[in-house]
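Data block below; observations after.
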Amino acid sequence: MNAPTPAHADHSLDSFGDAAASATRVTPGNALRPEDIAIQTVRPSEDVAQYALRLGDDSLILAQRLGHWISRGPEIEEDIALGNIALDLLGHARSFLTYAGHAWGKTEDDLAYWREEDEFRSAWIFEQPNGDFGVTIARQLVVAIYQRLLYSRLVESADSTIAAIAAKALKEVDYHRDHAIQWTLRLGDGTDESHRRMQAAIELMWPYVDELFDDDELTERVGDAGVRPSTLRGEFDAEIRAVLDEATLALPAVPRASGGGRRGEHTEHLGYLLAEMQVLARKHPGATW
Amino acid sequence: MAAAPLQSVPAPRPEDQDASVSPETRAGQAYFDRIIADDSRIEPKDWMPEAYRKTLTRQISQHAHSEIIGMQPEANWITRAPSLKRKSILMAKVQDEAGHGLYLYSAAETLGTPRDVLNQQLLDGKAKYSSIFNYPARSWADMGAIGWLVDGAAIANQVPLCRASYGPYGRAMVRICKEESFHQRQGFEILLELSHGTPEQKEMAQDAVNRFYAPALMMFGPPDDDSPNSKQSMAWNIKRFSNDELRQRFVGMIAEQVKVLGLTLPDPELRFDEETGKWIHMELDWQEFKDVIAGRGPCNAQRLARRREAHANGAWVREAARAYAGKQREKQMQKAGAA
């Protein structure tokens, strides 16, 4: 469960500097950064911007949740791993929000810190509380399998910026998925206690799975720039069923929650999350950091 | 090694002549003395005096514990960082600290004490860590002050440790120092942005510097005349410069940098003494230093409670991982047996 190391381990001193300290796994220099998107002049259409906003909000809210784990993990290695995943997601969020903001003359920070709760477009699973490590892993499992399927389709997006962000994100969520699967196997097929906790965690998350695959007017309008969520469901079910099987866990039979995040209707959890995330920025309107 | 000049080997000492000392020990001690005299490196499998092993195990594990406890004051601001870029930098930084903890525990393990044992010493309150992390990070500007002053002091302390006589420690420090210098830069940048921002932001920055200045200077340890272990550590080439020497050097650095920030250091006595070529700073409150070390600082109880809580909450996860690994091994063996 160590943080992944580069394939070509270079032990010379040159490899140790700030480049190695970077949290991203993509070689600095050819990675698409939010700053690169900020200087692009391409303005997305309103629909593409709204679509990018959803993708950005999903990752931002989950990064915020995962960031809380750092210094609280079950092992130092997990502080690093969950921190890495949070950083990757924050990077994706920054890119998508920056791009979306181009349509409205707003920056990533305008969108993250100055929108109200009902203006966020993330699905409900992303804002679910961390719970114990099992709950966090159950949430990661669902999200990482979903995001990997999504990004592997979005690399073909008709919108070249979305495609480029997806290409970078895909390499990273591939690791997130592996991390979540490895832990699901260990917790599911570990001890009686871990099995019980992991089964409960999967059941806790399951009501929020369906919303991820709901089509709506925006996903229709955005067309080839996006992915129709319902088309990912079959593969998702097959993948997660295989993992749960191997982990000796049962596929839950619980009803779905109504959802509504894509319309700005959220669970009670999001308000607290945003209150904490936004408090300092809002205390100092107009300030830069 | 082979070409080392003979005169660098110290003269035999009385204990070397002691008949109760085995020839192996005597040969080991001679080799060790020669390595130290040559300013070369001791490696894990080399013979070394017990006291050297003990001193290093203590120092490296304290250093590792400091990295791990030191994650907490900064993690305190990850969820509230005021911009996404700052949030991302802060997360990466705290994550680096976890990584430093890991390299250092690994370096300590090469001396023979497993990480679990070292970790238990921390949880039991038997091991020390840097006192600085027992101060609270009250404002966002503290992320700047911690980076600039605390990481700055750590670098001043640690750069000479890259040449420490114990190989694994020195090599771990090389990597850590590179990352720390990035940490210090980001801290300075936070303060620079604040000190050139709104009046409230500048006030926040000055307040943070005021609170972290003296504790950062205390990070170099007690004054030389009250630092009993320093002499031996210097003789062993673990420590290269005295506490006071490093402290005044650091003060000189930040005295210049603070001007760029447009802030001040809360030290009316700070000046460069032309005669000695050294920086003079105010008398530090060593009673406070001792109090914090003894557990009476603002956050000692909170920091340890958080570490214990994380460890206890993770117990079932670690047990699951062990149980799973056991099951996998069994399956492998069954497979091998069947074949």
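Chain naming here is simple, since letters A, B, ... match the order of the sequence lines and numbering starts at 1 in each.
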### Message
Quick check on Ile76(A) against chain B: is it the side chain, the backbone, both or neither that has a heavy atom closer than 4.5 Å?
### Response
both
#### Entry: Pairs where residues 97-107 of chain A contributes a residue and the test salt bridge (charged side-chain N to carboxylate O under 4.0 Å, His left out) is met, not counting sequence neighbours
none
### Query
Of the listed residues (Arg306(B), Glu319(B), His183(B)), which shares the most heavy-atom pairs with chain A below a 4.5 Å separation?
Arg306(B)
### Task
Tell me, for Arg307(B) versus chain A, whether the close heavy atoms (under 4.5 Å) come from the side chain, the backbone, both or neither.
side chain
### Task
State plainly whether the residues Arg211(B) and Asp207(B) are in salt-bridge range, i.e. N to O under 4.0 Å.
yes
### Task
Please flag which part of Leu60(A) lies under 4.5 Å from any non-hydrogen atom of chain B: side chain, backbone, both or neither.
side chain
### Query
Measuring heavy-atom distances to chain B, does Arg197(A) have an atom under 4.5 Å in its side chain, in its backbone, in both, or in neither?
side chain
### Message
At a 4.5 Å cut-off on heavy atoms, which part of Tyr113(A) comes close to chain B: side chain, backbone, both, or neither?
### Response
side chain
### Contacting region of Glu35(A) [heavy-atom separation from chain B under 4.5 Å]
side chain
### Query
So which of Ile78(B), Leu84(B), Val317(B) has the biggest tally of heavy-atom pairs under 4.5 Å with chain A?
Leu84(B)
### Message
Looking at Glu77(A) and Arg318(B), is there a salt bridge between them, counting it only when a charged N and a carboxylate O are closer than 4.0 Å?
### Response
no
### Query
Contact part of Arg115(B) toward chain A, heavy-atom cut-off under 4.5 Å: side chain, backbone, both or neither?
side chain
#### Entry: Pairs of heavy atoms under 4.5 Å with chain A: top-ranked of Met71(B), Gln328(B), Lys327(B), Arg86(B)
Lys327(B)
### Message
Which atoms of Lys93(B) are under 4.5 Å from chain A, going by heavy atoms: the side chain, the backbone, both sets, or neither?
### Response
neither
### Query
Parallel, tilted or perpendicular for Tyr99(A) and His102(A), by the 30°/60° rule?
perpendicular
#### Entry: Charged N-O contact under 4.0 Å between Glu276(A) and Lys87(B)
no
### Task
Heavy-atom distances under 4.5 Å only: say whether Thr79(B) touches chain A with side chain, backbone, both or neither.
both
### Query
Which bit of Met143(B) comes within less than 4.5 Å of chain A, counting heavy atoms only: side chain, backbone, both or neither?
neither
### Task
Please look at Ala86(A) and chain B and tell me whether the side chain, the backbone, both or neither of the residue comes under 4.5 angstrom of a heavy atom of that chain.
both
#### Entry: Sole candidate of Arg121(A), Arg115(A), Arg94(A) that passes salt bridge (charged side-chain N to carboxylate O under 4.0 Å, His left out) when paired with Asp57(A)
Arg115(A)
### Task
Tell me, please, which residues at least two apart from His92(A) pass ring-ring contact (aromatic ring centres under 6.0 Å, His included).
none
### Query
Who among Asp192(A), Asp189(A), Thr191(A) has the most heavy-atom pairs with chain B under 4.5 Å?
Asp189(A)
### Query
Would Phe212(B) and Trp148(B) count as a ring-ring contact (aromatic ring centres under 6.0 Å, His included) if you check the C-alpha gap in whole Å, the side-chain angles of each, and the deciding distance to 0.1 Å?
CA-CA 10 Å; Phe212(B) 276 94; Trp148(B) 179 46; over 10 Å; no
### Query
Tell me, side chain or backbone of Ile69(B) under 4.5 Å from chain A's heavy atoms, or both, or neither?
neither
### Message
With a 4.0 Å cut-off on N to O distance, would you call Glu180(B) and Arg185(B) a salt bridge?
### Response
no
### Message
Using a strict threshold of under 4.0 Å (side-chain N to carboxylate O), is an ion pair present between Glu78(A) and Arg72(A)?
### Response
no
### Query
Is the His65(B) to Tyr105(B) ring centre distance short of 6.0 Å?
yes
### Task
Would you mind checking which part of Leu185(A) comes under 4.5 Å of any heavy atom in chain B, side chain (CB onward), backbone (N, CA, C, O), both or neither?
both
### Task
Please determine, among Gly190(A), Ala63(A), Ala287(A), Gly73(A), the option with the most heavy-atom pairs under 4.5 Å with chain B.
Gly190(A)
